[in-house]
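Have a look at the structure below before the remarks.
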Amino acid sequence: MVPVIALVGRPNVGKSTLFNQLTRSRDALVANVAGLTRDRKYGEGKVGSHPYIVIDTGGISGDEEGIDSAMAEQSLLAINEADVVLFLVDARAGLTAADEMIALHLRK
């Protein structure tokens with residue numbers, strides 16, 4: 001069985017860039033525009049002779065009121081499909097309230 005890796009985090013933290021690196025492709029669109037990736041995108045990669053599947057997600061955004069559901073639903077589906085979840089954050093911006101909410105959800 002091929003392991004599945006989901007890339008999750010807020011919009012514009014580098015998930016699509018990492019997806020392209022892990023799949024050695026340019027399949028995921030990369031731009032400095034929030035919300036460019038809306039649905040889940042699947043790609044294949046491998047380390048040595050070990051294959052894996054990567055899922056790029058649009059991101060989870062929200063505030064103190066909760067998580068926005070439009071793109072978040074796609075991210076939550078990817079989390080449920082995955083064997084491993086890579087949670088990406090923007091080191092320059094620092095941890096935000098939305099990052100804390102995502103981390104809390106992933107810990108559950």
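Hydrogens, waters and symmetry mates play no part in the numbers below; they use all other heavy atoms, side chains included.
Under a 3.5 Å cut-off, the side chain of T57 and the backbone N or O of L7 do form a donor-acceptor pair.
Closest approach of I102 to G9, counting heavy atoms only: CD1-C, 4.0 Å. Across every non-hydrogen atom of A6 and A82, the tightest pair is CB-CB, 3.6 Å. D99 and F87 make their closest contact through O-CZ, 3.5 Å (heavy atoms, listed as atom of the first residue, atom of the second, distance). Of all non-hydrogen atoms in S75 and I60, the two that sit nearest each other are CB-CG1, 3.5 Å.
Within the 4.5 Å cutoff, side-chain heavy atoms of V89 are placed close to those of L95. Between V54 and K41 there is no side-chain heavy-atom pair separated by less than 4.5 Å. Side-chain contact between V8 and L86: absent, with no pair of heavy atoms (C-beta onward) separated by less than 4.5 Å. Within the 4.5 Å cutoff, no side-chain heavy atoms of V84 are placed close to those of V4. Looking only at side-chain heavy atoms (C-beta outward), I55 and I5 stay at 4.5 Å or farther from each other.
A distance of 10.0 Å separates OG1 of T17 from CZ of R26, quoted to the nearest 0.5 Å. E44 CD to R24 CZ: the interatomic distance, rounded to the nearest 0.5 Å, is 13.0 Å. Here CZ of R40 is found 11.0 Å from CD1 of I79. Values are rounded to the nearest 0.5 Å.
Every residue two or more places apart in sequence or in another chain that forms a side-chain contact (heavy atoms from CB on, under 4.5 Å) with V47 is listed here: Y52. Take E81 and apply the side chain to side chain donor-acceptor pair (under 3.5 Å) test, not counting sequence neighbours, and it matches Y42. Residues satisfying the side-chain contact (heavy atoms from CB on, under 4.5 Å) test with V13, not counting sequence neighbours, are R10, K15, L88, D90.
L22 and I53 are not part of a single hydrophobic cluster, where members link through side-chain heavy atoms under 4.5 Å apart.
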